[in-house]
Amino acid sequence: MENHSMATATPENKDSFAASGNADEKQSKALVNDNEKGGIKTMPFILLNEICEKLAMVGFSKNMVNYLTQQLHMPLTKAANTVTNFNGTSSLTPLLGAFIADSYAGKFWTITVSTAIYLAGMIVLTLSAALPQLRPPPCAGDQVCQEANGSQTAVLYLSLLFAALGSGGIRPCVAAFGAEQFVEEDPTQPKKTWVFFNWYYFALGVSILLASTVLVYIQDNVGWSWGLGIPTLAMALSIIVFLIGYPVYRNLDPAGSPYTRVLQVSVAAFRKRKIPSISDPKFLYVNEELDASISTDGLLHHTKQLKFLDKAAIVTEEDSLKSSEKPNFWRLNTVHRVEELKSILRMLPIWAAGILFATSNAQQNTFSLQQANTMERHLTKSFVIPSASMSVFGMLSMLITIVLYDRLLVRVARRITGLERGINFLQRMAIGFFIAIIATMVAGFVEVKRKHAASASGLIDSPESTIPISVFWLVPQYSLHGIAEAFMVIGHLEFFYNQAPESMRSTATALFWTSISAGDYTSTLLVTLVHKYSDWLPNRNLNKGKLEYFYWLLTLLQALNIVYYLICAKFYTFKPLSHKTQHVEGVELTTQV
């Protein structure tokens with residue numbers, strides 16, 4: 001029993017070292033041959049594809065609540081819930097997309113097929129806006145509007161389903177696929193991955209700004225057929241551009257799903273649940289050669305938390321372990337694979353803290369937009385700011401904050417903390433949580449101001465009338481949310497990338513999106529309950545509601561959430577890398593990480 005438990009699969013003879021050396025030599029030759037693909041030359045195709053895709057996605061979703069209330073005549077709470085349900089589903093499907101990309105299809109074909117599915121959804125929605133029989137008749141003034149019937153609503157939900165499924169393959173794969181074009185180990189392209197990410201986020205910002213201004217203006221002032229048709233054409237163009245670049249892409253084969261390894265560890269631990277635990281971790285199963293492909297940054301060493309999972313790494317006589325054979329992973333796993341699952345489980349409390357942040361942020365595309373609809377939006381006598389374009393202030397404040405953070409805050413904080421990055425990602429997230437609380441509180445006070453202006457002008461009972469208060473009163477809440485995103489969202493992404501097991505980094509983005517998904521669904525639940533049991537959120541006349549109470553309820557929940565987060569952050573155990581192995585001219589060097 002004891003001898004089996006100490007079993008490892010490191011090379012024990014010269015022949016195995018020679019075989020390993022031959023394999024490395026073949027891999028190096030393959031890498032040299034593959035250098036003709038990938039690199040800077042792929043950026044125009046990937047970035048133009050991303051600009052077109054994001055232009056279509058944001059142009060499709062940014063103004064959706066106005067389309068649902070004004071064109072399909074949905075009640076406000078139903079429209080708000082439809083938007084958050086769609087956003088939530090779109091943020092949940094990346095788990096499926098990442099699984100398919102990593103396990104079977106690869107990122108290129110996952111992106112291509114998913115974009116085609118998203119395009120199908122946009123075509124259906126554009127047709128519903130263009131064809132009168134697919135939407136209810138228009139109404140004006142105090143006329144009672146006819147809500148969309150069952151078949152018209154079915155067409156809408158079909159288009160949203162296609163779009164959500166398409167998002168599942170696009171969101172977790174595009175950035176990872178672009179980064180894969182630059183291999184840092186390649187001496188002809190040293191450390192150029194950061195160039196891609198700089199341009200990637202620049203392209204992202206440009207496309208969102210265009211969608212939030214130009215496309216939203218077209219939708220509000222020219223027509224929804226054009227307003228949805230243009231992003232549909234942009235999505236079609238993105239597929240064409242992406243396919244043209246196929247000959248120059250570096251396409252990596254799927255490496256196998258990390259989800260399977262997580263399930264294998266869970267099953268193995270359950271099957272051995274009655275076996276006594278081992279107090280000394282050196283008797284747990286270690287196989288460096290077997291884990292080499294999933295531990296290039298270093299092996300994860302044993303941690304004391306979640307000890308019941310350690311049983312998956314206990315070797316028993318039933319395992320029939322032989323040094324020349326791989327174990328049955330449904331019965332026996334290495335310490336590294338067990339620690340992969342532990343790392344994911346340790347991340348979940350921090351992951352959960354992001355849910356209420358996403359819930360708060362979701363209101364910017366629903367109730368804040370409806371606030372803007374009732375306010376004075378004339379920039380000049382002839383130009384009216386589209387209500388959905390108010391999100392530009394959030395985007396601009398986020399981009400400015402990112403620049404100031406990188407150029408100023410990091411340098412100042414570095415002198416205080418001694419950290420190269422100034423503050424770590426957990427501290428960065430805490431700042432974002434705090435600013436989001438202020439943003440939601442301010443939104444409540446602005447709503448009080450808006451309703452006071454409506455009351456003073458005798459417009460409480462006139463939901464279609466413009467209240468004599470400038471829409472720029474909403475700028476503080478949008479801007480504060482943008483600043484909060486610059487801290488919280490980027491910190492959250494950095495947390496997932498840094499703390500996720502190395503082999504799961506391609507799915508870390510999907511995990512990030514699930515917190516947004518949970519936040520959107522939480523928003524739906526809160527809106528539904530508040531609407532059912534109070535008069536805070538009326539369907540037709542926001543002036544008669546108490547939206548400020550809803551905002552302050554969110555403020556209270558976020559205050560409790562930041563206390564929860566600070567406790568989780570204090571006791572969080574960082575991912576334990578024990579060592580990494582480098583080969584220099586045939587000499588094996590082991591360093592502590």
Side-chain angles (χ1 to χ4, degrees), residues 64-66 68-70 72-88 142 144-145 147 153 355-375 387 390 433 436-465 467 469 473-474 476-478 480-481 516-564:
M64 189 189 302
V65 73
N66 276 343
L68 298 179
T69 55
Q70 296 172 8
L72 299 186
H73 307 149
M74 275 190 182
L76 176 57
T77 54
K78 183 178 179 180
N81 285 344
T82 299
V83 172
T84 52
N85 284 338
F86 167 70
N87 290 336
D142 296 330
V144 177
C145 298
E147 190 176 343
T153 304
I355 294 175
L356 280 175
F357 181 90
T359 300
S360 172
N361 206 38
Q363 312 315 313
Q364 303 307 300
N365 293 325
T366 54
F367 292 112
S368 294
L369 190 147
Q370 287 301 307
Q371 287 177 289
N373 282 336
T374 67
M375 302 170 77
S387 56
M390 292 302 295
F433 282 131
I437 293 174
I438 298 176
T440 312
M441 183 185 300
V442 168
F445 286 115
V446 171
E447 173 63 7
V448 172
K449 176 73 175 178
R450 188 194 69 84
K451 289 201 305 180
H452 178 75
S455 177
S457 303
L459 299 176
I460 289 293
D461 295 318
S462 303
E464 302 299 328
S465 300
I467 300 171
I469 179 175
W473 276 93
L474 298 178
Q477 68 195 59
Y478 275 103
L480 285 169
H481 273 290
I516 298 178
S517 171
D520 287 325
Y521 285 130
T522 301
S523 176
T524 297
L525 177 63
L526 279 176
V527 169
T528 301
L529 292 176
V530 169
H531 177 68
K532 182 176 181 179
Y533 295 107
S534 74
D535 59 350
W536 296 0
L537 304 174
N539 277 323
R540 299 298 179 187
N541 189 350
L542 198 61
N543 298 334
K544 287 188 173 182
K546 296 180 177 63
L547 179 59
E548 66 274 18
Y549 290 175
F550 180 69
Y551 280 140
W552 291 335
L553 172 63
L554 284 176
T555 302
L556 175 61
L557 292 175
Q558 288 182 94
L560 296 175
N561 184 62
I562 196 172
V563 173
Y564 159 79

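Computed from a predicted model, the values in this text were never measured in an experiment. Note that these values count all heavy atoms, side chains included, but never hydrogens, waters or copies made by symmetry.
- The closest donor-acceptor contact from the side chain of Ser523 to the backbone of Gly519 lies at 3.5 Å or more, if one exists at all.
- Phe445 has its ring centre less than 6.0 Å from the ring centre of Trp552.
- Side-chain contact between Asn85 and Asp520: absent, with no pair of heavy atoms (C-beta onward) separated by less than 4.5 Å.
- Leu554 and Ser360 get closest at one heavy-atom pair: CD1-CA, 4.4 Å.
- Judged purely by distance below 3.5 Å, without hydrogens or angles, the side chains of Thr528 and Tyr533 never pair a donor atom with an acceptor atom.
- Nearest heavy-atom pair, Lys451 versus Ile460, reported as atom, atom and distance to 0.1 Å: O-CD1, 4.0 Å.
- Listed for the Gln363 side chain is a donor-acceptor partner under 3.5 Å among the backbone atoms of Thr359.
- Separation of the Tyr549 and Trp536 ring centroids falls under the 6.0 Å cut-off.
- Looking only at side-chain heavy atoms (C-beta outward), Tyr551 and Met441 stay at 4.5 Å or farther from each other.
- Ser368 approaches Tyr478 most closely through the heavy-atom pair CB-OH, 3.5 Å.
- The two residues Ala436 and Gln558 come nearest to each other via the heavy atoms CB-OE1, 3.5 Å.
- Neither side chain, Thr374 nor Asn543, offers a donor N or O lying under 3.5 Å from an acceptor on the other.
- For the residue pair Asn373/Asn66, the side-chain donor-acceptor check at 3.5 Å is satisfied.
- Counting heavy atoms from C-beta outward, Ser387 and Met375 have side chains that stay 4.5 Å or more apart.
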Show the numbers, then the answer: is there a salt bridge (charged side-chain N to carboxylate O under 4.0 Å, His left out) between Lys544 and Asp535? CA-CA 8 Å; Lys544 287 188 173 182; Asp535 59 350; over 6 Å; no

Apply side-chain contact (heavy atoms from CB on, under 4.5 Å) to the pair Arg540 and Leu76, showing each step before the final yes or no. CA-CA 7 Å; Arg540 299 298 179 187; Leu76 176 57; over 6 Å; no

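- Note that OG1 of Thr153 is 5.5 Å distant from CE of Met74, once rounded to the nearest 0.5 Å.
- Considering OG1 of Thr69 and CG of Asn539, their distance stands at 11.0 Å, rounded to 0.5 Å.
- With rounding to the nearest 0.5 angstrom, the CD1 atom of Ile516 is 9.5 Å from the CG atom of Asn87.
- Inter-residue side-chain proximity for Gln477 and Met390 is flagged as unmet; no heavy-atom pair is nearer than 4.5 Å.
- Ile469 and Arg450 get closest at one heavy-atom pair: CD1-CA, 3.9 Å.
- His452 contributes atom NE2, which lies 13.5 Å from atom CD of Glu447 (distance to the nearest 0.5 angstrom).
- If you take CZ on Phe367 and CG on Leu542, they are separated by 7.5 Å, rounding to the nearest 0.5 Å.
- You'll find the side chain of Val527 reaches within 4.5 Å of the side chain of Phe550, heavy atoms only.
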Using the side-chain contact (heavy atoms from CB on, under 4.5 Å) rule, take Leu557 and Leu526 through it: C-alpha gap first, then chi angles, then the decisive distance, then the call. CA-CA 11 Å; Leu557 292 175; Leu526 279 176; 4.0 Å; yes

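- Closest approach of Ala79 and Val65 over heavy atoms only: CB-CG2, 4.1 Å.
- Between Leu474 and Val446, some side-chain heavy-atom pair lies under the 4.5 Å cut-off.
- Of the N and O atoms on the side chains of Thr524 and Thr84, at least one donor lies less than 3.5 Å from an acceptor on the other residue.
- Residue Leu459 holds its CG atom at 12.0 Å from CD of Glu464, rounded to the nearest 0.5 Å.
- A donor and an acceptor atom, one from each side chain of Gln364 and His481, are located under 3.5 Å apart.
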